[in-house]
Amino acid sequence: MSYLLRRLASSTVVLFGVTVLTFGLVHLTPGDPARTVLAERQGRQPSEADVREFRAEQGLNDPVPIQYGNWLGDVLRGDLGRSYYGDGDVLELLLAYLPNTIELAGASILIAVAIAIPAGVVSAVYRGTWIDYVSQGTSLIGVSMPNFWLGYLLIIGGALRLGVFPVYGAGTLAHLVLPAITLGTGMAAVLTRLVRSSLLETLEEPYVDAARARGLAERGVVTAHALRTALLPVVTMIGLQLGYVLGGAVVVEVVFQRPGLGTLLVDAVFARDFPVIQGVTLLVGATFVLVNLLTDLAYHRLDPRVSLGGGRA
Amino acid sequence: LGDSDPSGDGESVTVARPQSSQDGEWDVYGGVIPYFTGVFEPLVGTNHEMEPEPLLATDWMREDEYTWRFDLREDVTFHNEAALTADTVVDSFQAIIDDRSATGWINVEPDGVSAIDDTTVEFETIEPFPSLPGTISHNYFGVVHPDTEADDDVAIGTGPFQLEERNGDDVTLAPYEDHWDTVPSVERLSFEVVSDATTRVTALEGDDVQVAIDPPRNTVSGLDSSAETATASQRTPRTCFGGVNIYKEPTDDATLRQALAYAIDQEQLVETILEGVGDPARGPISPEIPWSSHDDLPAFGPDHDRARDLVADSSYDGETLTILIDGSEPDDRNVAERLQYQFEEIGVDSEIRSVESAAFYETFTDGDAHVSIVTLGSNSAAADYLIRAMFHSEGSDNEQRYESEGTGVMNLGAEVDALIEEGYFAESLEDKREAYGEVQRRVVEEAVALPLYYVEYVLAHREAVSLPDLHPINPMTDYAHLEYEG
Amino acid sequence: MSVTGVLANRRSALAAILEHPTIRALRRNPSAVAGGLVVATITVLAIVGPVLTPYDPNAQHLGNRLQGPSLAHPFGTDQLGRDVATRLLYGARITLGLAVLVTAVRLTIGVVVGLIAGYCGGWVDEALMRLVDVLLAFPGIVLALVVAGILGPSLTNLALALAVVGWTRYARVVRSSVLEMRERPFVQASRLTGAPRRRVLRRHVLPNVAGPVVVLATLDLGGVILAAAGLSFLGLGAQPPAPEWGTMLSTGRHHLREASWLVNAPGLAIVVAVLGTNLLGDGLRDALDPNDRTERSGREVSRRD
Amino acid sequence: MTDPLLSVDDLAVRFETGTEPVRAVDGLSLSVEAGETVGLIGESGCGKSAAVRAIAGLHGDTARVDGAVTFDGIDLRSLSDERLRRIRATRLSTIFQDPAATLTPTRSVRFHLEEALRLADRPDDGSLRAALGLSRRDWGEPSRTRRERALALLEQVGLDDPDYLDRYPHELSGGEAQRVSIATALASDPDLLLADEPTTALDATTREAILDLLDDLVAERDLATVLVSHDLGLVGERCDRVVVAYAGEVMEAGPADRVLESPRHPYTRALLACRLEGTTPGDRLPTVDGTLPDPTAETTGCPFAARCVHATESCRTTAPPTVDREDGGRVRCGELESIAAVSVDGGRVADDIGSRPSPPGSPNVDTLGSNAPASAASTDPVDDPILELRDVSKRYPIDDSWLARLRGRDRYTNAVDDVSLAVDRGETLGIVGESGAGKSTVIDLVTGLESATTGEVVVDGETLGTVDDRSRDQLAAIGRLFQHPQSSLDPRQRVRTAIDEPLLEAGWERDRRRERISALLSLVGLDDRHADRRPHQLSGGQCQRIALARAIALEPALVVLDEPTAALDVSVRAQVCNLLLDLQAGLDCAFVLVSHDLGVVRHLADRIAVMRDGQVVESGAAERLCTDPATAYTETLLSAATGIGETEPTADHQRPSQL
Ligand SMILES: Nc1ncnc2c1ncn2[C@@H]1O[C@H](COP(=O)(O)OP(=O)(O)OP(=O)(O)O)[C@@H](O)[C@H]1O
Ligand SMILES: Nc1ncnc2c1ncn2[C@@H]1O[C@H](COP(=O)(O)OP(=O)(O)OP(=O)(O)O)[C@@H](O)[C@H]1O
Ligand SMILES: [Mg+2]
Ligand SMILES: [Mg+2]
Ligand code: NI
């Protein structure tokens, strides 16, 4: 209980920091956002009057802390502002794009877990055999593979050559296949290595030998004793992998022209659409903090040592 | 997506289009992009010669220097069955002016649009404005019914298509059966944003879409030779050129600028990098624009010997020129790399600076770069604003530095300013052509703009789709006349 | 000292380095050897690249554009008729240079912050670690994308963004090592001699955290290459005509259909480079890992009295 | 004679490590009859565990096992994995050293017990589901009865509360965990029990209880047991026969009382001689010089030859013969005749073996006896103390995060609670007490690594603050020896640099430092060759000497020693004890000696303070306190310690890490 509270408190602090950073980022911009935005919006150099009006309208004249306060107040009320272009409500925009990214992230994590756990276990159990070398080699290549290239390889193979899968967009399951493979396999590579090393480590533990000494068959030793403990760090890692997924989604979504938070962010960055940039970064940051909180709590439920001992991790 | 055919009747056509930088800002139009969708119609149309022609207005006349009157077509109804009246037109203009701050653009007084009677609308302009009809032929001025509501996806216009469904920038349209002129033959027309050009073509080949706007140039010949697909192309009023900052050292020296002009091989540029899509340019104004003087302009190079001599004669002293491009345009990037290479061949160093699209225009008008690769054209019959924006001291490209530092970017000075004004107020095309022609000649001779190519517009489509003639102004391409035997 | 003396000295110094336990362990580790070879090869190629190729990376031959791989052009030519192989060679400089620079900056910031946080403790530690937490709350590439995007595309800004975003892991590793080290008897023993904290840090703590930090840096090198390529791919990297690999891949995608080598050649280059650093990093980690089996038994053997 | 239940013949275990193979066991033979307890003893690292694992067939791919293992007529070595597994499931059980580590942390006690029961009942049932414990129904037995059987098992090992079933390993104390693992080992009602140091990780009280328990069980079930230990006392008490191993070979074997009372092999004698029991406090202890032979090196001849005072040329070159003793034992030595058949006195051999000459520069051994009378005379308050603790307390926060403070839930632990102590010049004060009693904290306070919450630390008449506040002289006045010999030296620094550090900080000239280092090295019995080594190239005893050299570098008036012998072998421990005695006599400094090991404390200390829960419960002259303890607590401490010399401290208790 006290752990939960402590964890909640520190998450809140981090979340607060996330808002400060999100807000502060925008003030890094070298140019004058008002001018840039108006120029883009109007297709020509904005007049001074327009610039002044825009600044007043967007509250850009206030001192920065006040701007932050106002912004934070709005955010807490669920108002993320409006896009500089087209006056779209940022929250609505995010909610419109979010499902596609969630879909992609979910599918990728599923693929990753489905590949990584068996591969990592087999690799660890058959340590030093060719199975292990193949699995390790593959995952090493997977880790080293930029997913934007993998994406194009899949497009060339799966879409251009075979013509099986649609290459762009979102909506149906078929659209999900190539992007999810792209993102999922990269993540699987990382996870496989983790599962392997974690299992190898537990296989060295005395209790594994003790189980063998009790006369338990090898697969029982691995599944009932070693794997259970070995997968605990993997749980945390999957939580942390969400960061990888969200980061990878940016690129993969661009490669596959998938409307999602990634493409939204990239477009917004290029358009200097600050409210949208802030919205996406805030959403991503908050999600990440939240998911990490949840995986931590899950970890604490799964590992009796931690959940009952109440020790600090 | 992918199932382009929700109703299954085989008569649906999906058009894959690139994202335009202005997408997502069409609240006045119910969120529907007014270009090419055919949901809205302006009072004035533009014919293939880029001249105004009647559309929702059957006729117009100039009451006095400051006043224009337009007679409305009588049998027109909106998609909600309401009749087109002068009042709705006034409301519509008011909404658009408020939203887009277009006042400066069409030069009308703040409350300058009024209904004279049920079928007559009057415009009062700030200054004498001969090209008002051409100007309001722009898609921006499609007439919108006041009930239009972006939040509820209600977009009510008078055009041959009406909105069925909107999802962000993607729209699905159905024919408007009571259109005063044309009822489209396709059952359903969808526009989907696919920003990557290669992907658009892949989708076309897979029959996921039936029309793909702007396929990558290198795919055109392949698409043409395929039995399933074909392409159509049309030169546009847009020109890509290197805008030179004539107020920045060392490009303030006309000799150096001319040397640069001699270095460029437009022919080769078009044939290779552009894969033959486009025409070598000689001036900043596309021949599609009625008063273009392309044919009368001097052609420079390529003549590298001459160019080198000019460099030697110039004040150039080994400085590194900056070539500014919009990083999101792959063509510009290639063109810039080619320019850089050719400049190097005549002994002029340069570096490429690519900025994101949002910052490009500001960087350009700030005069930071020596040469900026810009593509400019007009989306309306009245292209006057184009030459004014580029070369008049108070034109939007120059005004910032002109106001702040008394210089500008591509403005040659008072004489040219006067010529532009003369053309601007000219009542006849002849007068216009004369004044503007002189401007173009000077600009080219002084190498203020390094002409590169006139932009050509390409549509790739399934063989089963028969396209109407393409309009020079590509956003005005008339999909209402498209036919499909799916 | 005579020349031969100097040489002999050099040689023995080299021999000493080669016989250093860590290096010996590295030499026995096949993945480290492979990774080391790959990294060394790429580095050498990057350095001597100009000698190896008859072409200028920026020379355009429009008549020769989009040629497929051939003997003259092993990786074909690009849309401006430039030799892709040559560009890759020159690009290695940018890519590796950037990766090394960014990693070095990350490492420096991270180590300094980690040392300060670990050694000062208290609110300084608290504040710094919360900052780290906040930075860690974003996927690195997202934050880098925003920072680089806002600063505008250029190699410098890219490097800046990547450096600013990625030092946190170093800080964490160093901090926890310092915390752990602070409790170690040999550090306390040093404190008891009256050595000031700074000296204790430099003499005992820093050398002992160097191992994990070096491993992290080697592995990070690959990460930076990937991140830089990714951001370049998105258009935030090197300016044309610089042959940065990610940028090459990004421009090459416009010719995906008829000239897939424009995408595959830089893709492959990136994989090889990252693979090399990863292998080396894995090897280093194994070599420095105190829990390694061979090491452990070796130590136990020598401990018996 | 009937066939023994277990017979091991010429067993060899090699580990394939990176370079040369490690020969952990090298031709070991032993046999166990039904109902018999055989002790396997030998120094740490001499291959005891490796042999046990080889018998149970538990070695993985990295080990190569040769030789014969016959169990009840079955040749275990030639069995298939599957059949071997069945034997382990039903007839042969193993208990390992570290109790907590042998239970799967994510599984409850009940899971462990029921798994063992199931495997014993149905050894053939290898189905994955059963292995996963997924399908209780398939076990062919209602879970109720199995639960009851599990409970019964627990009861057998003295854990009566059914509550234990649902606990997880980390919720058990070390003793409880070891009981649980014994219970799992007994679940199959085995014929043979291999117990590999089942109690080393436990504190003295728990250890006794566990061993008694084992004894009872053995008697009850007629179990054959192999009891591995390096604790001679323990083995003598509990075993029928003893096998003494050295470097993976059997040196001597025979009935326990005979082997321990009249050892024949020089190694056995040497080992026995190192024990502390029965020695006079302050006496120099016999030691065994040298170290275990390098297990990677090929040996010819007797492996012990290098350390054996009786070794002849032929010992070194030819394998020694195995000589049968008249009492049924065997000895593997070629020089038995030349070794005088000396009288045996209470298990202590008054022999000429293994006495190490005094280190050069250290005082004559003979003068050392003077320590004892001095201590007997000294009464509690000392007149001119070098060190005085005045009502010192130390509070550590357990949870003082801002959140806890906010909620008024900050908690503290009193590591040291109002302690007053004084140490006279030249005197040795021993501090004993169970783990967590606050001994190390007292040391930290004295050395200034921690600051006292209340009270004063006075050294040489001056009240001192923390390290950072102390002057150079004040720092130089106290030397400190840390608990773990290896960890008190920077792994990256050479020995020379380590010893140099205090001198450097004290501002010594370079040449003077160099000389001093040489002098210090020889003072602790090492020489300049060792100066360029790094800690991992040194043995534990050598590391401890280096650490000691460093601690006394500036000739402190007070040296504090935190568990100076904890991680060391018997013979090394004896060496360190000798060294400490020599040094104290030579330098005339006072010692504060903290140790779990009452034997060591009794041997070295003039006065002893007993600590418990941060408080000093009793203190007084060593002799008096040992013979006539005033408190029950001291009595239990003492009784747990008697007869058993070699207790390793319990695993370091975890200090809550600071955030
Ligand atoms: N897995 C292994 N790999 C390599 N060497 C090993 C391994 N396990 C043990 N050894 C080595 O084999 C030798 C014997 O080790 P073993 O554990 O059997 O000793 P032990 O007598 O049980 O000692 P202790 O009393 O410390 O438990 C030692 O030198 C040890 O370093
Ligand atoms: N830094 C610390 N923070 C919190 N608690 C501490 C700290 N150091 C020691 N303690 C606690 O203080 C008590 C006394 O610890 P100390 O190390 O002095 O015991 P000890 O007698 O030396 O035990 P051992 O024999 O196991 O070394 C223990 O309960 C311990 O958990
Ligand atoms: Mg052992
Ligand atoms: Mg202690
Ligand atoms: Ni935790």
Side-chain angles (χ1 to χ4, degrees), chain A residues 1-13 124-129 132 200-233 235 299-313, chain D residues 53 56-58 60-61 81-82 84-98 100-108 111-112 115-116 119-120 123 125-128 130-133 167-171 181 184-185 187-188 194 399 401-404 406-407 409 654 656-657 659:
Chain A
M1 191 59 214
S2 129
Y3 174 81
L4 181 75
L5 267 174
R6 215 169 34 223
R7 197 63 184 72
L8 274 178
S10 80
S11 294
T12 315
V13 173
V125 170
Y126 296 100
R127 176 186 187 164
T129 64
D132 183 24
L200 276 181
E201 211 165 277
T202 26
L203 281 176
E204 298 269 294
E205 296 282 346
Y207 58 80
V208 171
D209 261 342
R212 286 198 189 106
R214 243 172 274 142
L216 194 61
E218 198 55 32
R219 59 168 177 253
V221 171
V222 172
T223 46
H225 291 270
L227 197 55
R228 209 179 154 93
T229 326
L231 286 185
L232 285 172
V235 171
Y299 184 90
H300 277 250
R301 279 195 58 86
L302 288 176
D303 189 347
R305 283 172 299 189
V306 201
S307 65
L308 300 167
R312 290 185 196 180
Chain D
R53 296 167 56 86
L58 287 172
D61 304 334
D81 283 357
E82 180 57 23
L84 184 62
R85 185 182 69 70
R86 266 181 237 175
I87 289 192
R88 288 203 295 256
T90 51
R91 306 191 55 195
L92 190 158
S93 291
T94 316
I95 305 172
F96 296 95
Q97 186 161 352
D98 185 353
T102 49
L103 298 175
T104 306
T106 47
R107 294 294 193 182
S108 65
F111 183 93
H112 285 93
E115 182 184 70
L119 285 164
D125 186 5
S127 89
L128 189 62
L132 284 168
R167 293 218 197 159
Y168 281 86
H170 72 278
E171 299 169 283
S181 57
T184 60
S188 60
L194 303 173
D399 180 4
S401 64
W402 56 270
L403 190 70
L406 211 64
R407 298 162 70 217
R409 296 259 181 93
Q654 297 280 306
S657 61
L659 198 107

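Just so it is clear, the model here is predicted, and its values are computed rather than measured. Proteins get letters first, then strands, A, B, ... in listed order; numbering begins at 1 in each.
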Here the gap from A:D132 atom CG to A:Y126 atom OH, rounded to the nearest 0.5 Å, amounts to 11.5 Å
Item to complete: Could you tell me whether the side chain of A:E218 reaches within less than 4.5 Å of the side chain of A:R212, counting heavy atoms only?
Response: yes
ask   = So, does D:R88 use its side chain to make a donor-acceptor pair with the main chain of A:R214 at under 3.5 Å?
value = no
Ranking D:T184, D:L92, D:D81, D:L103 by heavy-atom pairs under 4.5 Å to chain A gives rank one to D:L103
Checked A:A210, A:A226, A:A213 vs chain D; the most non-hydrogen pairs under 4.5 Å come from A:A213
Which label fits D:H112 and A:H225: parallel for a plane angle under 30°, tilted from 30 to 60°, or perpendicular past 60°?
tilted
Greatest number of non-hydrogen atom pairs under 4.5 angstrom with chain D, of A:D209, A:L227, A:T202, falls to A:D209
If one checks every heavy atom of D:A56 against chain A at 4.5 Å, the contacting part turns out to be neither
